[in-house]
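Here you go, one structure.
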Protein chains: 2
Amino acid sequence: MTGLSEHLPSDAAAPTTSGQDATQHDTTRRDRKKLATRQALRCAALDLVASRGYAHVTVEDIAEAADVSPRTFFNYFPSKEAAVLGDDELLGELRAEILGRPSQETPFQAVEHVVCSHIAARSRHPDSTWRDPVELYRRMRAVQDDPYLRVALVAHMAAFERVVADAVAERTGADTASDPYPALLASAAMAVARVALLYWARGGGATAAEDVVRAGFHALSSGLADSSSMTETLAKGAR
Amino acid sequence: MTGLSEHLPSDAAAPTTSGQDATQHDTTRRDRKKLATRQALRCAALDLVASRGYAHVTVEDIAEAADVSPRTFFNYFPSKEAAVLGDDELLGELRAEILGRPSQETPFQAVEHVVCSHIAARSRHPDSTWRDPVELYRRMRAVQDDPYLRVALVAHMAAFERVVADAVAERTGADTASDPYPALLASAAMAVARVALLYWARGGGATAAEDVVRAGFHALSSGLADSSSMTETLAKGAR
DNA sequence: GGTCATGTTGCAGCCACTATAACGTTGCAG
DNA sequence: CTGCAACGTTATAGTGGCTGCAACATGACC
């Protein structure tokens, strides 16, 4: 956050799907290696954290498991947390998508839609391999199981809050300094997403993540009046 | 968070109000010194952070300013953040007060009431000296002004979320594992409190903190439907 | 005044993270 | 295919947050 942020690759490309010789299509050898290293690091991080707990894994361990030097780890991730919680490349998309929603939608609707569809896309099912070899589900399991990471996730999502708040303000022409609504909506929405995702992970992925999140937004839009506001929606969806 | 948490004193006692010879009433000399040290550390931390920014203040600086050894700093606070964000002793009160609200109140009402009255109590006015010589307002100013602290505050409040969620679950007899409502309510409430307090600090304390928070809860209970849901309430309150 | 409990300190050490400067690879142009 | 330039990797050394431990000092109580 302080530095120059010249962190190199991004997960968001190169499926490396089942086809083994999709190796050469418009990515150079360098890019492929970078991506491989990044994935190895992420994967090692998740494995180690899952088995030992976040506090008992050092950056050195992760680097070793991915067979790179500890210093190299920091060329890919700005912090140990980032390797586990990841997803930073998604911030830009989020902004663009909120701004891109039809203008007759209320900010609430726009945010709900964007958040839900993002989560739907990256959560398919606990064992699908879509584009991120290290998946949302594993991350959320790790977070759910580790007290330190539960706190870290909240902090991590502060970045999302800010982006969402700015995008909402831009949509409505509000001034962030004088109008607390964008920040309020963003924070509440991220709280919903976080609680819902952890609930989803806790339940082993039984209900689709998207449905849990949508139920959370529904409860939110009903003013959180009633403890049944969410469970009912979920039960209805499960039928 | 990992250790034994045998951190010693607590702010929540000994007004040391204007009377200078309230020095001996049922506090021992030791207790008074501890409290003084704690306050000196907190105060030094806030001063230094306000003038230089969080990242450019070391624990050594704070300890030096309070005239204790760096090691002693960690006898009082588990981390540098804690010295600035503080207020941990408040967690127990929060739980008790939520459980103590009349049982005909909905969880939402109970949480709203407790949060609002807490904030009302500790925010009186930017220059009052009530019981905490280092005040909520200064803290929120520091947080508002420093990007790192904005994130840290979110993480810090995760502890509150948990306590509130547990208390709500206990009130309603819900099972935290199967019912996401308590966590959802707690997270949303803390989001409201946080956004409102930062807004309050940004505005220089013009509107009473309590009113801003209450407006936030009102917007939340209206489902965040509309960007005017909060500003209108605020305007009405200001009249 | 003696003694026990409690708070303070220095020291040694772990780990996250950074700056810098070699060093090895890759890509590319001739 | 050769050599150069861009780029990624690594070792080294250092800063700072934080902890455990073992003296040491100070206040409490008899």
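Residue numbers begin at 1 in each chain, while the letters A, B, ... track the order of the sequences. The structure displayed is predicted, hence computed values, not measured ones. Hydrogens, waters and symmetry mates are skipped; everything else that's a heavy atom, side chains included, is used.
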Does B:Ser79 place a side-chain N or O at less than 4.0 Å from the phosphate oxygens OP1/OP2 of D:dG17? no
On the 0 to 90° scale, with breaks at 30° and 60°, tag the A:Trp200-A:Tyr137 ring pair as parallel, tilted or perpendicular. perpendicular
Just the rounded figure in Å: distance from P of D:dT26 to CG of B:Asp31. 18 Å
Looking only at atom types and distance, does a side-chain atom of A:Ser187 sit under 3.5 Å from a main-chain N or O of A:Leu184, one as donor and one as acceptor? no
Which nucleotide, in any strand shown, forms a Watson-Crick or G-U wobble pair with C:dG30, with both distances under 3.5 Å? D:dC1
In plain terms, say whether B:Arg150 and A:Glu161 are close enough for a salt bridge, that is, a side-chain N and a carboxylate O under 4.0 Å apart. no
Verify whether one side chain among A:Thr58 and A:Asp61 offers a donor that lies under 3.5 Å from an acceptor in the other. yes
In whole Å, what is the span from the CZ atom of B:Phe73 to the C1' atom of D:dG17? 10 Å
For the side chain of A:Arg30, counting heavy atoms from C-beta on, which of D:dT10, C:dT8, D:dC7 is nearest? D:dC7
Quick note, B:Tyr76 side chain, CB onward, closest among D:dT19, C:dT8, C:dC17 is C:dT8
With the threshold set at 4.0 Å, does a side-chain nitrogen-carboxylate oxygen contact exist between B:Asp146 and B:Arg52? no
Please give, in whole Å, the distance from D:dG27 C1' to B:Leu35 CG? 16 Å
Any N or O donor-acceptor pair linking the side chain of B:Arg29 to the base of D:dT26 at under 3.5 Å? no
Among the nucleotides D:dT10, D:dC18, C:dT26, which one has an atom lying closest to any side-chain atom of A:Lys33? C:dT26
Provide a list of protein-nucleic acid N or O atom pairs under 3.5 angstrom, restricted to nucleotides 11-15 of chain C.
none

Write down the distance between CD1 (A:Ile62) and C1' (C:dC17), rounded to a whole number of angstrom. 13 Å
To the nearest angstrom, the CZ-P distance between B:Phe74 and C:dT9 comes to 14 Å
Return yes if some donor-acceptor pair links the side-chain N/O of B:Arg171 with the main-chain N/O of B:Ile98 below 3.5 Å, else return no. yes
Checking B:Lys80 side chain against B:Ile62 main chain: does a donor-acceptor pair fall under 3.5 Å? no
Take the protein atom NE2 of B:His56 and the nucleotide atom C1' of C:dT18, then report the distance between them rounded to whole Å. 13 Å
Rounded distance in Å - CD (A:Glu81) to P (C:dA16): 11 Å
Establish, with yes or no, whether the OP1 or OP2 oxygen of D:dT10 is under 4.0 angstrom from a side-chain nitrogen or oxygen of A:Ser69. yes
For the pair made of NZ in A:Lys34 and P in C:dG24, what is the distance, rounded to whole Å? 21 Å
